[in-house]
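Note sheet for the following structure.
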Number of protein chains: 2
Amino acid sequence: MTVRSPSLDRVDTAAAPALGIRQVSEETGLSIDTLRWYEREGLLPLVERSTDGRRRYPPGALRFIRLVQALRRTGMPVADVRQFIELGGGELAHHPERMALLEQQCAQIEQRLVELQDDLAVVRAKIETYRGLIARGLDCEDDLPDDVLDRVRADELLTGTLPVLTSPQR
Amino acid sequence: MTVRSPSLDRVDTAAAPALGIRQVSEETGLSIDTLRWYEREGLLPLVERSTDGRRRYPPGALRFIRLVQALRRTGMPVADVRQFIELGGGELAHHPERMALLEQQCAQIEQRLVELQDDLAVVRAKIETYRGLIARGLDCEDDLPDDVLDRVRADELLTGTLPVLTSPQR
DNA sequence: CTAGGAGCTGGAGTGCACTCCAGCGCAACC
DNA sequence: GGTTGCGCTGGAGTGCACTCCAGCTCCTAG
């Protein structure tokens with residue numbers, strides 16, 4: 001749409017679009033209600049108003065929303081996002097503090113990533129178990145003793161052979 | 001505590017521990033209340049009772065709880081976990097259906113992993129932005145035009161030099 | 001035999017993050 | 001100049017996943 005000549009070095013801010021709430025909602029996937037609610041909650045400081053009182057979102061606001069979304073999606077509570085934002089409204093003095101908060105969040109995300117991968121492994125293992133049970137026509141393994149269960153998994157995964165298992169009791 | 005001789009091949013189920021609710025809570029990190037609530041909600045079908053009515057968790061129940069935890073942590077709602085469990089109570093005929101559900105969940109987890117990594121990148125980028133701003137003593141970039149902002153990031157990351165930027169207006 | 005502690009039940013309460021709604025204003029179109 | 005559409009506000013409502021609680025039972029130790 002708006003093609004900006006690369007020769008422009010001194011940029012006029014007015015050239016930037018400044019979207020309405022509906023567009024922002026579509027762009028970000030946040031509902032209109034959520035956008036309004038975030039603003040009331042102090043999560044979106046850069047939103048402006050047009051003459052008739054409607055919200056306008058300049059590009060900086062949109063960028064900020066993306067950050068807020070990243071923080072929210074990665075598990076930071078709304079209250080903590082607000083706290084991050086309230087740190088001195090963008091003054092240089094608070095940058096290190098803000099950075100520290102973000103780095104803390106990074107650590108949490110990394111932890112979450114590991115956990116997710118572990119959980120994925122658990123679910124995949126269960127799928128393999130079902131595959132093994134189906135292959136040899138067993139019902140459910142949940143009440144089989146550990147060692148038999150282990151063999152169901154190990155055999156299937158390692159050897160590919162299907163030894164006949166006698167289900168112990170029941 | 002309970003040492004099991006490795007010579008035992010035919011395992012008697014009685015030899016397995018069967019924990020009390022407190023131990024399970026400590027093992028899994030789920031609160032006692034949550035364990036009881038999950039059971040009421042039908043998420044824990046393998047829990048037994050001792051003569052005096054207290055819950056006993058045989059090893060199979062504990063394994064099952066781990067699966068439920070994996071599903072819950074990866075975003076499956078309680079209602080969906082129940083649905084998964086209610087599929088014919090462990091009969092062979094429903095294994096393919098259960099597998100399909102788990103495979104669907106796997107796909108969701110993978111998607112979530114990608115999203116998390118993206119969000120991590122967003123937060124890391126913001127940290128880099130702060131680093132750049134601090135290095136050249138600027139306040140907040142949120143109302144700078146796009147291209148200046150881009151330069152703040154790109155300069156810092158690619159060249160390591162710090163060109164003097166004139167903050168346009170404000 | 002009594003006191004303390006753990007566990008049980010059904011039901012009420014909580015916290016979070018939205019989501020919905022009534023009633024209003026502005027602006028454009030017919 | 002009405003009506004249609006979009007947006008605004010403050011406040012109430014919702015859904016989910018727990019979490020707490022009162023009042024009970026059972027077992028064990030003293």
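Labels below follow one simple rule: chain letters A, B, ... track the order of the sequence lines, proteins then strands, and each chain is numbered from 1.
- Applying the salt bridge (charged side-chain N to carboxylate O under 4.0 Å, His left out) rule to R124(B) yields the partners E110(A); only residues at least two apart in sequence or on another chain are considered.
- As rounded to whole Å, 12 Å separates atom C1' of dG7(D) from atom CD of E39(A).
- Partners of R55(B) according to the salt bridge (charged side-chain N to carboxylate O under 4.0 Å, His left out) rule, which considers only residues two or more places apart in sequence or in another chain, are E39(B).
- Between the CG atom of L35(A) and the P atom of dG7(D) there is a distance of 11 Å, rounded to whole Å.
- Under the salt bridge (charged side-chain N to carboxylate O under 4.0 Å, His left out) criterion, E97(A) pairs with no residue, sequence neighbours left out.
- For E41(A) and dC18(C), the CD to C1' distance is 10 Å, given to the nearest whole Å.
- Every residue two or more places apart in sequence or in another chain was checked for a side-chain hydrogen bond (donor to acceptor under 3.5 Å, both in side chains) with R56(B), and none qualifies.
- To the nearest 0.5 Å, atom CG of residue L101(A) and atom NE2 of residue H94(A) are 11.5 Å apart.
- E48(A) meets the salt bridge (charged side-chain N to carboxylate O under 4.0 Å, His left out) test with no other residue; sequence neighbours excluded.
- Within the 4.0 Å cut-off from OP1 or OP2 of dT19(D), at least one side-chain nitrogen or oxygen of S31(B) is found.
- With sequence neighbours left out, T28(B) forms a side-chain hydrogen bond (donor to acceptor under 3.5 Å, both in side chains) with no residue at all.
- Atom CE in M76(B) sits roughly 19 Å away from atom C1' in dC18(D) (whole-Å rounding).
- OP1 or OP2 of dT19(D) sits under 4.0 Å from a side-chain N or O of T34(B).
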Review item, nucleotides 4-11 of chain C N/O atoms under 3.5 Å of protein N/O:
residue	atom	partner	partner atom	Å
dA6(C)	N3	R54(B)	NH2	2.9
dG7(C)	OP2	R22(B)	NE	2.9
dG7(C)	OP2	R22(B)	NH2	2.6
dC8(C)	OP1	R55(B)	N	2.7
dC8(C)	OP1	R55(B)	NE	3.0
dC8(C)	OP2	R36(B)	NH1	2.8
dC8(C)	O3'	R49(B)	NH1	3.3
dT9(C)	OP1	R49(B)	NH1	3.3
dT9(C)	OP1	R49(B)	NH2	3.2
dT9(C)	OP2	R55(B)	NH2	2.2
dG10(C)	N7	R40(B)	NH1	3.3

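- Among residues two or more places apart in sequence or in another chain, the side-chain hydrogen bond (donor to acceptor under 3.5 Å, both in side chains) test is passed with S25(B) by none.
- Under the 30°/60° scheme for interplanar angles, the aromatic rings of F84(B) and Y130(A) are found to stand perpendicular.
- Partners of R112(A) by side-chain hydrogen bond (donor to acceptor under 3.5 Å, both in side chains), not counting sequence neighbours, listed by chain and number: E115(A).
- E26(B) meets the side-chain contact (heavy atoms from CB on, under 4.5 Å) test with R22(B); sequence neighbours excluded.
- End-to-end axis angle of the helix from dC1(C)-dG30(D) to dC30(C)-dG1(D), from C1' rotation axes over five pairs per end: 10° (rounded to 10 degrees).
- OP1 or OP2 of dA17(C) has not a single side-chain nitrogen or oxygen of Y38(A) nearer than 4.0 Å.
- Atom CD in Q69(A) sits roughly 15 Å away from atom P in dA17(C) (whole-Å rounding).
- Nucleotide dG7(D) holds its P atom 12 Å from the CG atom of L19(A), rounded to whole Å.
- Nucleotide dA17(D) holds its P atom 14 Å from the CG atom of L30(B), rounded to whole Å.
- Distance R82(B) CZ to dA17(D) P: 10 Å, rounded to the nearest Å.
- Of the residues in residues 104-116 of chain A, none has a non-hydrogen atom less than 4.0 angstrom from any atom of DNA chain D.
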